[in-house]
Amino acid sequence: MELSGEITAGRPLLVLAVKEEAQYLDTDLPILLTGMGKVNAATALSSVLARGPRPSEVVNLGTAGALRTGWSGTHVVGTVIQHDLDGELLATLTGETYGAPLTLPAGGDVVLATGDTFVSDEAARMRLAARAALVDMEGYALATAAGLAGVPLRLVKHVSDEAGEGAARSWRESVADCARALADWAAANTPYRA
C-alpha cells in the first residue's frame, strides 16, 4: 500500500492497484496504490478510510480484461460481482447471502466480475462472459470497503486484454497505453487540479 498526497473531505481519492496503471497521473488529487487482488484492495482502502478524513468519493482507475469479443476503451461500471466466491454454496451451508452483486449509483449498465484469479484461459473467459463484460482483481473489494464506510465509489476500467490465452503478455504490453487513457479520463471527469 502506498498513499501519495493528502486526503481531504471535499476532494476525491484516486485508487489504483499498481504504479504501472498510475504512471501518467499528474494531479493534485491523492492517489492510493493498493497492490493487486481483493485482500490488498480491501485492506488498503479500509485503512485509509478508517484513519480519516474521508474523501468526497473514491475513484478506482484500473485495467480490466474483456470477457466478450469487441470490448475496448474506458468504461464506468454499474454492477460488480465476485466470480470466485461460491455464494450459492455458502447460502446453502449458512442460510446467509455472501457476495451478492453490488450496484453502483454512478455507473451504467457495464457488469464487472472481480476475482483473485488472473483470467487467462478461454474456458474461464467463456464461463464469465455469461455474467459480465469485464473482469478485474480489485473492483468488488473496493466497492465493499467504500460502501461500508459510506463513501461513494466510481469504478472506471480500461480494457487491457481479452482475458484469454496471452492475457498476461497483452497486459504487460498494453498497460502504458491503458494508463494514459485512465489519466485522460481522470483529467476530464474529476477535479484533477486544485
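In this structure the side chain of Pro12 never reaches within 4.5 angstrom of the side chain of Pro55, judged on heavy atoms. The shortest side-chain heavy-atom distance between Val156 and Asn189 does not fall under the 4.5 Å cut-off. Trp185 is listed as a side-chain neighbour of Thr190, based on a closest heavy-atom distance under 4.5 Å. Between Leu182 and Gln23 there is no side-chain heavy-atom pair separated by less than 4.5 Å. The shortest distance between side-chain heavy atoms of Pro152 and Leu104 does not fall below 4.5 Å.
The number of heavy-atom neighbours closer than 6.0 Å to CE of Met1, taken from other residues, nucleotides and ligands shown, is above 12.
Note that CG of Asp136 is 10.0 Å distant from NZ of Lys38, once rounded to the nearest 0.5 Å. For the atom pair CG of Asp121 and CZ of Arg127, the computed distance is 7.0 Å after rounding to the nearest 0.5 Å. Note: Met137 CE to Thr117 OG1 = 7.0 Å, rounded to the nearest 0.5 Å. Note that the CG atom of Leu142 and the CG atom of Leu155 stand 7.0 Å from one another [nearest 0.5 Å]. Going from atom CG of Leu13 over to atom CG of Leu49 covers 7.0 Å, rounded to the nearest 0.5 Å. One finds the CG atom of Asp184 at 10.0 Å from the NE2 atom of His158 (value rounded to the nearest 0.5 Å).
Judged by distance alone, with hydrogens and angles left aside, the side-chain atoms of Asp109 form no donor-acceptor pair with the main-chain N or O of Gly78 at under 3.5 Å. In this structure, Thr27 contributes its side chain and Tyr192 its backbone to a donor-acceptor pair below 3.5 Å.
Linking ILVMFWY side-chain heavy atoms closer than 4.5 Å, directly or via other members, places Leu134 and Val111 in two distinct hydrophobic clusters. Leu29 and Val59 end up in the same hydrophobic cluster when Ile, Leu, Val, Met, Phe, Trp and Tyr side chains are linked at under 4.5 Å. Using a 4.5 Å cut-off between side-chain heavy atoms of Ile, Leu, Val, Met, Phe, Trp and Tyr, with links allowed through other members, Leu33 and Leu61 fall into the same hydrophobic cluster. Taken together through direct or relayed side-chain contacts under 4.5 Å among Ile, Leu, Val, Met, Phe, Trp and Tyr, Leu3 and Ile31 form parts of separate hydrophobic clusters. The cluster map of Ile, Leu, Val, Met, Phe, Trp and Tyr, joined by side-chain heavy atoms under 4.5 Å apart, puts Val175 and Phe118 in the same cluster.
With respect to Leu32, the side-chain contact (heavy atoms from CB on, under 4.5 Å) criterion is satisfied by exactly one of Val15, Leu14, Leu16, Ile7: Val15. When each of Arg154, Glu138, Lys157 is tested with Asn60 by the rule side-chain hydrogen bond (donor to acceptor under 3.5 Å, both in side chains), just one qualifies, namely Lys157.
By the 4.0 Å N-to-carboxylate-O rule, Arg193 lies close enough to Asp26 to be salt-bridged with it.
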Val159/His75 under side-chain contact (heavy atoms from CB on, under 4.5 Å): CA gap, chis, key distance, verdict: CA-CA 8 Å; Val159 175; His75 304 274; 4.1 Å; yes
Asp177 vs Arg180, side-chain contact (heavy atoms from CB on, under 4.5 Å): CA-CA, chis, key distance, verdict: CA-CA 5 Å; Asp177 289 338; Arg180 171 72 66 203; 5.6 Å; no
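Listed here is the closest heavy atom pair of Leu25 and Ala183: CD2-CA, 3.7 Å. Contact detail for Tyr140 and Ala100: the closest heavy-atom pair is OH-O, 2.6 Å. Closest approach of Ala9 and Pro53 over heavy atoms only: N-CB, 4.4 Å. Scanning all heavy atoms of the two residues, the minimum distance from Ala145 to Leu45 falls at CB-CD2, 4.0 Å. Closest approach of Ala149 and Arg54 over heavy atoms only: O-NH1, 2.7 Å. Nearest heavy-atom pair across Leu112 and Ala132 is C-CB, 4.2 Å.
Pairs passing the salt bridge (Lys or Arg N to Asp or Glu O under 4.0 Å) check and including a residue from residues 5-22, sequence neighbours excluded, do not occur.
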